[in-house]
Amino acid sequence: MSTEAKATSESDAAAEALAPMEPLRLLAEDAVDLQIISAALQDAIMRPVDISWEKDARRLTIVLSRFCWECGGS
């Protein structure tokens, strides 16, 4: 492997690490799912205005902000 190719792949990896991640969308259908979501969101913060109940769809949506452990934190 040439030095130039290695430098390019390292810079690509660094750029990818800094790129914003897609929002994490979680869906719970049973108690086990809720345990998994609970673990993923244990230290998340939210604002009360970011809670939405869609009565016809019977869907609760909550927007949370959390430390992104899986991407090194951003």
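Only a predicted model underlies this, so the values are computations on that prediction, with no experimental measurement involved.
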Considering all heavy atoms, the nearest A40-R66 contact
O-NE, 3.0 Å

Heavy-atom closest contact (D33 atom, A28 atom, distance)
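So the two residues come closest at CB-CA, 3.5 Å.
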
As an exercise, state the distance from [atom1] of [X] to [atom2] of [Y], rounded to the nearest 0.5 Å.
X: D50; Y: T61; atom1: CG; atom2: OG1; result: 11.0 Å
X: L34; Y: E29; atom1: CG; atom2: CD; result: 10.5 Å
X: S65; Y: D43; atom1: OG; atom2: CG; result: 11.5 Å

Do V63 and M46 sit in one hydrophobic cluster, given that two such residues count as connected whenever their side-chain heavy atoms are within less than 4.5 Å of each other, even indirectly?
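In one cluster: no.
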
L26 reachable from W53 in the ILVMFWY side-chain graph, under 4.5 Å edges:
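Yes: a chain of side-chain contacts under 4.5 Å links W53 to L26.
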
Residue pair I51 / L60, side-chain heavy-atom distance below 4.5 Å
yes

